[in-house]
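Note on naming: letters A, B, ... go to the chains in the order of the sequence lines (proteins, then strands), and numbering restarts at 1 for each one.
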Amino acid sequence: MPPKNKKRDSRVVAPDILSYLPENIIDAIVMHLPLRDAVRTSILSKKWSWCCTQLSQIKAPKLRYFAFTGKIIFISLKGVPLLAKLSLVDTGYSEKAGKRGITKFLESFPALEHLHLDYYSVRFFAGEVPKQLRSALNSLKRLHLSDISLDELDVASCALYLTKSSPFLQEIEIEVYDEWIGPAAADVINEILEQVEGLSEVTSNHLIAVKLTGITCTDPEMELIKLLLAKSPMLAIMLIKNGLGAESPETRLKLLAEITQFQHASPKAEVVYELT
Amino acid sequence: MASTTETKQKKMLILKSADNDEFEIEESVGVQSETIKNLVEDGFTFVPLPNVYTKALIKIIDYLKKHANKTDSNDEEIKTFDKDFVNTTFDDLFELVSAANYLHISCLMNMLCQTIADRIKDKSPEAVRKIFHINCDYTPEEEAKIRKANAQAFEGQFDESLD
């Protein structure tokens with residue numbers, strides 16, 4: 001008897017069960033896996049790798065807190081109406097800049113109170129940063145951006161857009177990664193400055209605390225500090241921790257001294273410098 | 001007997017498997033499958049299922065019958081039934097999941113995908129490939145690159161067993 005018939009008679013599942021299982025079944029199985037195991041399936045074959053990029057739409061109607069370090073291209077948070085704290089650190093930075101628009105991202109989290117994004121995740125969402133505000137993070141109280149660069153147009157615009165979209169923000173922490181290869185070109189700096197100046201449209205009525213670390217007193221940083229002081233009537237404390245930067249310590253001190261001359265909207269605002 | 005008259009009044013359906021076996025079931029049992037429900041709504045009482053083989057169909061009819069009689073009191077019984085239902089080989093699970101997918105029985109689909117996921121989750125990629133009969137089409141270089149890029153996911157010991 002030819003082997004083909006034998007196989008059919010005993011009803012053995014076809015050896016190439018992979019091409020036999022429809023993609024939606026593979027997707028469904030992968031979605032039932034814990035994330036780490038799901039990521040591991042990308043190595044099975046090219047077809048699975050493709051499926052993995054469509055991975056893990058997280059629907060969790062009661063989810064309150066979500067912290068993720070990994071390739072954020074693999075996850076999509078939708079249907080998380082109660083999510084209050086979100087932390088994303090992206091390690092899949094290679095070619096994924098601007099993969100998703102920031103506005104779409106913001107719309108997914110109506111209840112978000114604390115948001116932490118690192119440089120690569122900001123960059124990931126820096127796709128289309130609209131000039132005008134579209135949606136607001138009305139619940140956001142704390143915004144924390146780590147390892148950020150204010151010398152790159154897309155990242156800086158996205159970071160500023162987040163700030164502008166959060167009218168009830170009480171606390172901002174920006175950690176500038178101060179070992180970026182070199183300062184940006186003059187025209188980029190000018191464009192970033194324009195973006196920073198956009199902050200003057202909004203008054204941060206609820207902002208109480210600002211923490212800025214790795215500050216090297218670049219023009220965008222100085223402008224940001226100036227505007228935050230000028231537009232935050234409730235500000236109690238601004239902590240500035242300097243970074244290494246290219247300038248000599250003297251120049252840096254001079255620049256920091258300039259900050260003391262900035263106008264404060266809040267009479268009780270205290271500016272604290274921490275020099276390294 | 002009362003039950004005989006009841007049976008006579010019940011609407012029945014005939015399901016025909018891919019290997020031409022026919023099964024008579026109550027309509028109320030069959031319509032848990034969206035695919036069957038749509039056909040019933042269009043007036044069909046004879047339902048050919050060219051993608052579902054007899055072996056899987058027998059098990060699925062069993063499942064549908066059990067779940068059609070779900071009440072508050074037989075919760076435990078159904079749980080035990082479900083547990084036994086998925087206690088089978090991977091190949092059987094794949095056949096069942098394909099059938100559940102074709103028949104659009106979402107609770108069964110969920111249960112089977114969850115079972116498969118639970119059973120492969122700690123396994124090595126090599127074991128998962130064997131289980132799914134996957135021929136790896138990556139070059140060793142490509143594979144090394146993916147491992148490197150997702151290093152965290154590949155750390156630690158994995159289960160090499162195939163059951």
- Query: Is any side-chain N of the basic residue among D92(B) and K55(B) closer than 4.0 Å to the acidic one's carboxylate O?
  - Reply: yes

For residues 106-116 of chain B, which side-chain N or O atoms pair as donor and acceptor with protein atoms under 3.5 Å away, sequence neighbours left out?
residue, atom, partner, partner atom, Å
N110(B), OD1, H32(A), NE2, 3.3
Q114(B), NE2, D118(B), OD1, 2.9
T115(B), OG1, M111(B), O, 2.7

- Identify whether the distance between the nearest side-chain nitrogen and carboxylate oxygen of R129(B) and E143(B) falls below 4.0 Å. yes

- Task: Check whether E126(B) gets within reach of chain A through its side chain, its backbone, both or neither, counting any heavy atom under 4.5 Å.
- Result: neither

- Query: Which residues satisfy the ring pair (Phe, Tyr, Trp, His ring centres under 6.0 Å) test with H116(A), sequence neighbours excluded?
  - Reply: H144(A)

Going by atom type alone, with no hydrogens or angles, which donor-acceptor pairs under 3.5 Å involve a side-chain atom of residues 77-87 of chain B and a protein atom two or more places apart or on another chain?
residue, atom, partner, partner atom, Å
E77(B), OE2, K66(B), NZ, 2.7
T80(B), OG1, E76(B), O, 2.8
D82(B), OD1, H67(B), NE2, 2.8

- Task: Could you list which of residues 154-163 of chain B have a heavy atom closer than 4.5 Å to any heavy atom of chain A, in residue-number order?
- Result: F154(B), E155(B), F158(B)

- Task: Inspect the contact between E173(A) and R142(A) and indicate whether a charged nitrogen and a carboxylate oxygen are less than 4.0 angstrom apart.
- Result: yes

